[in-house]
Amino acid sequence: MDKTIPVKLDRIYFGGDYNPDQWDEKTINEDMRLFQKAHINLVTLPVFSWAKLEPEEGVYDFGWLDSIMDKLAEYGIGVNLATPTVAQPAWMSRKYPEVLDVDIQGRRRTHGMRVHFCYNSPKYLERARAIASEMAKRYAKHPALKLWHVANEYGTYCYCPVCRGKFILWLKNRYGSIEKLNERWYTAFWGRTLYDWEEINLPDETNDDFRFNPTVQLDYLRFVTDSTAACFRNEYDAIRQYSDKPIQTNMSGFIKKLDQFVMASNMDIVGWDNYPWPTQEMSFVAMKHDIMRGLRGGQSFLLAEQSPNQQNWQPYNVLKRPGEVRRLSWQAIAHGADSCLYFQMRQSRAGQEKFHGAVISHAGRDDTRVFRETEYLGRELEILSPHVVGKRTKAQAAIVFDWNAWWALENSSGPNRDIDYLDGVHSYYKAFYGRHISVDFVSEDADISGYKLVVLPYTYMFRPGLKEKLDSFVRNGGTLLAGALSGLVDENDHVTGEFPGALRDVLGLRIEETDALRKDCQNGINMGGREYPCRLVCDIVIPGSAKTLGCFTKEFYAGGPAVTVNEYGCGKAYYIGSVPDTALVSDIVAKIGLSSVIRADNGLEVTLRQDESEQTLFVINHTDAPLRAELPEGFFEPLAGQTVSGSTQIAANDVRVFVRRITA
Ligand code: GLA
Ligand code: ZN
């Protein structure tokens, strides 16, 4: 049951991680002046300060934090108050070595890094809960408190004896009997029959199950997610006893390790850290934001971290170009973020991240390029905040995105080791992005009945209920677009029957064989006289009631169906039996006929957020040439103080935000 609280922030939060443990009072006072100058209204702290706040077990010293919080309140700056539980104090690792995690090779880690605890360790959980309670009791009514931030970027796997014991319990709970477990884990194959629960091991490198046994690995990943969610929840519940402010944790980049739908269902608001690679396509970054928006059914999320300039941990830490941080920040907001938070506010003088970009650099000046850009953006956010916060995206299309399907597909041995779930999803997403069509990401459990189109890229694993839901969606007039390898296995990674398994009826075809292509090879698909490249896998499709729309151009199956459509009930189901080029998906999307937000040149990113009374339109030019967008009547541009309509030039590297009242 979702026990979280509904959230609407009071403004766009602007600021980020601040680690004043390092600074003297003079520096902190100067920071307050600089924060105000840059329109900073929220800082996240004290993320890593457990050692400072609890120098001895049960002995707390909050004096330092009290004075920082008071000072921030005095300057009108809010606090995203972090429990410091991602880096336990050295005394704890020494006194209770079992709080340290065990790695995949079976080695107990020694104290040193951060995120080096076992999320199932009773002692860790006890101490984390204790400090979270102390903080909640102390600061619940503090005027600076706006949000809670639990720990930081969860995402370890632990292979310790405690985790093994918990895994066994988790399995007992899931399967009830060892016979059922044997059946679900398909232990008849390779003679893996288990006679007793005690014979279960964690899938680590000592047994290689993490590489070779997909069902065991799947259950382990589910178990790690549940354990991590419980570890978060341990602190959530402690805080909630005293405070009614929203509670979240910042999820790492965009990770495969944890099912973020499960994590998010435990959080009041989704928070995530966006660190795109310099070469990453903007559509890929947009997709990640849309996925994050999907985690809690379309609610606003927090951009919990991004870098105000270069990173230090990438191989080549390219400077963010002038205007780039502004574009990336508005991009996040355009896709549903209600904050723009940085790592970090002041650059650390030493340690692991001394070269990482910060709003205030080592120079401590307010006339640097980065500071000036921050100040400029802060002013814009302040003006536009009332037109943004809480507004939602309305989409006619939904892409099914599922961590179980991701894990299962990539863990499966065959058909092609180069299959990359995110890359496959992106090939589809980009078609919508390029056509300026909004799209939601939904889990396999979501209600899809309100959409016109549902897309299944690489939805290899179907969890219970999905087949029936899709069948009735199409019967009732919906359109389905399914990609290769979809619908093949059930939630235990067992093949359900003749391919494409759960999708056989709705797609009106069967797949006899699937060819695998090397990374550097392509086949082609001829559809309507145009040839599109395709990659990685090619299905040999035998149509039943489906009609062929496009055929492969090479290999012994040249001329065989590659793209099909099946009339099913009142709807239609399309299938692409390969990993398509975006142009092919785009042409199919055109046939389906969804409306774009507005007409705009290729290369512009266009999104719309709205509520009952107002629409806010975001147009972002990620290119270095001016482009044009066609603005409908009635839009006003608050930043420029002008009304804009018709064909409008959007300068290179620029972001434009327009608002329009909705009249009944
Ligand atoms: C992560 C962490 C931060 C910081 C940044 C640097 O997102 O949460 O503490 O290390 O990376 O990019
Ligand atoms: Zn453990």
Side-chain angles (χ1 to χ4, degrees), residues 16-19 21-22 43-50 80 82-88 93 96-109 113-125 128 149-170 201-204 220 223-228 230-231 248-255 257 271-278 288 302-315 317-318 320 325 328 341-348 351-359:
D17 279 45
Y18 183 45
N19 297 302
D21 328 34
Q22 310 161 68
V43 295
T44 304
L45 86 189
V47 182
F48 302 103
S49 310
W50 200 350
N80 181 17
T83 63
T85 48
V86 80
Q88 74 270 20
S93 304
Y96 307 110
E98 73 273 21
V99 301
L100 291 158
D101 53 329
V102 169
D103 74 9
I104 194 163
Q105 294 178 325
R107 301 172 306 189
R108 174 83 64 187
R109 301 222 294 165
M113 263 293 276
R114 53 182 187 177
V115 212
H116 59 330
F117 58 88
C118 164
Y119 35 72
N120 279 315
S121 153
K123 187 46 85 174
Y124 170 82
L125 292 169
H149 174 294
V150 170
N152 194 74
E153 294 194 338
Y154 285 109
T156 36
Y157 294 155
C158 180
Y159 300 85
C160 79
V162 172
C163 285
R164 175 173 169 264
K166 288 258 179 168
F167 185 48
I168 293 172
L169 270 180
W170 185 92
N201 292 310
L202 293 171
D204 64 20
Y220 175 68
F223 160 74
V224 172
T225 293
D226 286 354
S227 301
T228 309
C231 180
Q248 48 89 42
T249 179
N250 59 330
M251 295 192 288
S252 170
F254 185 80
I255 53 165
K257 286 182 191 173
W272 88 286
D273 301 345
N274 180 30
Y275 292 97
W277 291 85
K288 294 201 279 187
L302 296 175
L303 174 63
E305 280 182 31
Q306 66 171 344
S307 177
N309 195 3
Q310 72 207 125
Q311 268 95 58
N312 68 314
W313 45 263
Q314 290 178 343
N317 296 286
V318 177
K320 293 253 165 66
V325 174
L328 287 171
L341 303 175
Y342 297 118
F343 179 88
Q344 60 178 336
M345 300 313 298
R346 182 182 273 272
Q347 204 163 24
S348 320
Q352 299 86 329
E353 300 188 297
K354 64 182 182 303
F355 279 117
H356 196 287
V359 171

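Read the numbers this way: they start at 1 and go in the same order the structure lists the ligands and their atoms.
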(message) The criterion is side-chain contact (heavy atoms from CB on, under 4.5 Å); which residues satisfy it with Gln22, sequence neighbours excluded?
(response)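 Gln22 satisfies side-chain contact (heavy atoms from CB on, under 4.5 Å) with Asn19, Ser348 only.
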(request) Give every protein N, O or S atom lying under 2.8 Å from the Zn ion (ligand 2), naming each by residue and atom. (result) Cys118 SG, Cys158 SG, Cys160 SG, Cys163 SG
(request) Grab the two heavy atoms, one from Val86 and one from Val47, that are nearest each other, plus how far apart they are. (result) CG1-O, 4.2 Å
(message) Please give me the minimum heavy-atom distance between Pro276 and Gln314, naming the atom from each residue.
(response) O-NE2, 3.7 Å
Counting only N and O atoms by type, is there a donor-acceptor contact under 3.5 Å from the side chain of [X] to the main-chain atoms of [Y]?
{"X": "Asn250", "Y": "Glu153", "answer": "yes"}
{"X": "Asn274", "Y": "Gln306", "answer": "no"}
{"X": "Gln347", "Y": "His356", "answer": "yes"}

(request) Can you tell me which residues line ligand 1 if we count any heavy atom under 4.0 angstrom from one of its atoms, in chain and number order? (result)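 Those residues closer than 4.0 Å to ligand 1 by some heavy atom are Phe48, Arg114, Asn152, Glu153, Asn250, Asp273, Tyr275, Glu305, Trp313, Phe343, Glu353, His356.
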(request) Could you give me the CA-CA distance, side-chain angles and deciding distance for Tyr96 and Phe117, then say whether ring-ring contact (aromatic ring centres under 6.0 Å, His included) is met? (result) CA-CA 11 Å; Tyr96 307 110; Phe117 58 88; over 10 Å; no
(request) Using the test side chain to side chain donor-acceptor pair (under 3.5 Å), find all partners of His116 that sit at least two apart in sequence or belong to another chain. (result) Gln88, His111
(request) Check the angle between the aromatic planes of Trp170 and Phe167 and answer parallel, tilted or perpendicular using the 30° and 60° thresholds. (result) parallel
